[in-house]
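Below is one structure; the comments refer to it alone.
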Protein chains: 2
Amino acid sequence: MSGPLPRGKKRLMSGGRKVTIKDLAAEMELSITTISRALNGYTDVGEETRKKVVAAARKMGYTPNRNAQRLVTQRSHSIAWVQSDDESKFTDPHFVEVMAGVLREAQQSHYDIVLSSEISERQMTTYERYVHDGSVDGFIVDLPRPNDPRITFLLDAGVPFVVHGREERSDRYGWVDVDNYGNFYALAKLVIENGHRKFAFINGDERFLYASTRRRAVEDAVADMGLPPETVLTLEGTHPMGEAGFQLTELALADRDITAFLYSSALMAVEGISAITRAGRKPGTDALIASMNDELRYLNLAPLEGNITLVRSSLRAAGQAMVAEVIRQCERGTVSGTLIPSLFDLGTGVSGESIKGDVLFV
Amino acid sequence: MSGPLPRGKKRLMSGGRKVTIKDLAAEMELSITTISRALNGYTDVGEETRKKVVAAARKMGYTPNRNAQRLVTQRSHSIAWVQSDDESKFTDPHFVEVMAGVLREAQQSHYDIVLSSEISERQMTTYERYVHDGSVDGFIVDLPRPNDPRITFLLDAGVPFVVHGREERSDRYGWVDVDNYGNFYALAKLVIENGHRKFAFINGDERFLYASTRRRAVEDAVADMGLPPETVLTLEGTHPMGEAGFQLTELALADRDITAFLYSSALMAVEGISAITRAGRKPGTDALIASMNDELRYLNLAPLEGNITLVRSSLRAAGQAMVAEVIRQCERGTVSGTLIPSLFDLGTGVSGESIKGDVLFV
DNA sequence: ATCGATGTCCAAAACGTTTTGGAAAGAGCC
DNA sequence: GGCTCTTTCCAAAACGTTTTGGACATCGAT
């Protein structure tokens with residue numbers, strides 16, 4: 001009992017070769033032109049022939065060779081996402097959340113995501129290579145910094161890309177962003193309006209624009225409310241992890257005048273809350289807690305519900321929007337910005353009464 | 001003052017075309033054969049010409065078209081990693097840790113990682129497509145289940161792949177794994193040898209092999225030590241997140257006979273410890289805590305140091321080993337398994353004395 | 001009958017590489 | 001001078017598609 005191995009679908013020609021368009025053309029006694037055009041839905045092939053071609057293609061297990069397609073069409077249907085290989089950034093849980101959105105949208109649009117990591121110094125060479133060797137059609141740029149060289153390069157190269165965030169040049173490129181300024185201005189205002197005269201702001205890494213923007217927003221709010229700059233104690237977490245949230249909160253707790261805590265990330269907020277609890281204070285009543293909530297799937301905020309004021313925004317939605325934007329640029333040539341909506345969930349303030357606030361939706 | 005835009009490096013020919021090997025050949029008055037062979041380090045081109053070719057290629061900014069190379073060589077230098085789109089699995093922080101290793105190794109070996117997510121039902125179509133359209137050379141298979149259809153398919157297709165874990169067929173494919181059985185057998189034995197007669201085992205999702213193997217190991221250890229099965233209360237976390245660690249520990253705390261807690265993941269352990277603390281017991285003295293430690297970068301275990309027995313193993317190293325294995329299969333045709341080492345860090349037991357144990361390194 | 005549309009089909013070129021199978025020139029040897 | 005061996009180069013084929021620019025009927029209208 002020897003012979004060819006039984007396979008679910010036959011996908012190989014005799015000799016172990018994969019089925020090509022030529023095999024299909026020979027089998028059907030048609031030209032490869034007709035096969036190609038039938039499969040790609042052109043109108044210049046008869047309805048009956050098209051059906052037969054599609055059927056035969058399925059039967060023989062024909063799948064067009066992606067690299068041949070890419071070579072001739074000059075489009076790869078792939079998007080690059082280059083990560084910096086720095087410990088702090090890369091293992092950030094926020095990243096996974098964005099990625100979930102990126103991958104979902106890519107899958108639905110039949111694009112591939114080419115992911116790579118590279119140490120900062122050599123990152124630009126990776127971008128150059130991808131631009132010039134035709135392996136991707138566009139780029140996703142994450143966590144922009146001021147005057148980000150990646151943006152400079154991509155703008156100059158004239159290649160499609162999207163940035164997760166805005167800076168000076170954001171009218172010239174595609175971006176997806178949350179209203180960092182508006183959200184944190186509103187949060188700081190909320191804190192002050194609820195009677196707090198000194199509060200801590202546990203921020204993210206201010207080398208990144210999202211964090212420096214948030215600091216500016218909080219400081220502006222303090223100033224606009226006619227309070228002195230010392231009203232807010234801003235502490236910078238060099239990476240947005242829980243660890244920093246705990247330590248920085250302990251630092252802030254040393255100042256007994258501080259009655260409210262504003263966090264840049266819910267990940268830091270939960271750790272901060274555990275520091276506050278350990279210090280013998282009750283979050284939500286002894287201290288007002290407010291935070292950005294990026295909807296990290298593995299972070300359970302339910303136990304805190306009601307005791308914390310959150311401005312919720314989906315990083316996953318941002319990921320989806322980014323891929324959609326790059327694809328639009330590739331296929332329609334349009335460039336646009338997308339603001340991801342934020343939703344306010346008000347919690348409780350000092351001695352448990354619920355927070356007053358007018359901003360419910362941004 | 002009009003004219004061509006100044007560029008750092010000229011990479012385009014007049015007309016905006018990218019520099020091809022033909023342009024380079026024309027410029028140098030050599031054949032494209034010679035250019036190609038010079039650039040690829042063949043010995044049949046003179047040393048002087050090679051130097052000149054390399055210099056000219058750099059000067060003109062020539063980068064070989066990846067898709068043309070792929071078409072003619074029939075190798076893509078890419079590896080696919082298909083994720084299931086299920087919430088629970090995909091947002092697992094352990095995944096990011098593995099990915100860090102995967103990307104680092106891929107970058108060093110000049111391979112691209114093509115990442116995609118797909119709902120379970122349609123996952124196999126994605127695999128089929130990647131196998132047949134030539135877009136990748138091999139696959140990474142994550143979190144295998146018993147009789148995993150992905151393994152069946154890839155084995156049948158005869159394409160390079162590596163699995164993060166072992167099952168019945170693991171002598172026929174490349175794998176990378178930690179000694180789940182050995183580690184958890186040793187941990188359970190340690191718990192029992194230190195005098196505990198009833199303990200909880202907070203396991204991961206037992207639909208996955210790593211978790212069912214761990215359960216088997218723990219149960220075997222209990223039996224081998226001559227104790228009844230009720231000695232261990234195994235609780236299954238449907239996903240290996242903190243949340244489950246908290247809730248399942250609370251469940252186990254209801255049984256006052258339980259004096260030790262064994263966790264499948266440090267992520268669950270920290271949450272469990274917070275539940276134990278909340279219940280008024282002191283981890284490390286009132287209760288023995290033991291756990292697997294996958295070295296998640298964002299998880300700070302320092303505060304627990306000394307009070308928890310950990311078996312440490314790097315998921316990042318596993319990621320690196322996986323990529324290396326797939327590449328070896330592609331380039332050398334060899335298939336092999338790699339066991340990632342584990343290190344025991346002993347903590348303290350009941351009333352604070354340090355844990356007794358003979359297994360220090362697996 | 002002729003002409004222009006219309007509906008189907010196809011041969012050949014093109015995409016940018018690598019590889020195969022030599023060719024040409026010189027060196028060394030008898 | 002003829003022979004082989006090396007060194008250095010190259011023309012042409014091949015990889016598997018898509019696209020261009022027709023060809024060839026058929027059909028209606030003139």
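Everything quoted here is computed from the prediction, not taken from an experiment. Hydrogens, waters and symmetry mates play no part in the numbers below; they use all other heavy atoms, side chains included.
- Considering only residues two or more places apart in sequence or on other chains, A:Glu29 meets the salt bridge (Lys or Arg N to Asp or Glu O under 4.0 Å) condition with none of them.
- The side chain to side chain contact (heavy atoms under 4.5 Å, CB included) check on B:Thr152 picks up B:Arg169, with sequence neighbours excluded.
- Applying the salt bridge (Lys or Arg N to Asp or Glu O under 4.0 Å) rule to B:Glu48 yields no partners; only residues at least two apart in sequence or on another chain are considered.
- Contact footprint of chain B on DNA chain D: nucleotides with an atom under 4.0 Å from a non-hydrogen protein atom, first to last in 5' to 3' order, D:dT8 to D:dG16.
- Annotation: the terminal axes of the helix from C:dA1-D:dT30 to C:dC30-D:dG1 meet at 60°, where each axis is the rotation carrying the C1' atoms of four end pairs onto the next four (5 pairs per end, rounded to 10°).
- In this view, B:Arg172 satisfies the salt bridge (Lys or Arg N to Asp or Glu O under 4.0 Å) rule with no residue, not counting sequence neighbours.
- B:Asn65 pairs by the side chain to side chain contact (heavy atoms under 4.5 Å, CB included) definition with A:Leu71, B:Asn67, B:Ala68, not counting sequence neighbours.
- Every side-chain hydrogen bond (donor to acceptor under 3.5 Å, both in side chains) that A:Thr20 has, sequence neighbours left out, goes to A:Asp23.
- Under the ring pair (Phe, Tyr, Trp, His ring centres under 6.0 Å) criterion, B:Tyr127 pairs with B:Phe139, not counting sequence neighbours.
- Shown here are the side chain to side chain contact (heavy atoms under 4.5 Å, CB included) partners of A:Ser78, two or more places apart in sequence or in another chain: A:Arg70, A:Ser76, A:Asp112, A:Val114, A:Val136.
- Scanning residues 42-55 of chain A for heavy-atom distances under 4.0 Å to DNA chain D yields A:Tyr42.
- With sequence neighbours left out, B:Val335 forms a side chain to side chain contact (heavy atoms under 4.5 Å, CB included) with B:Glu325, B:Gln329.
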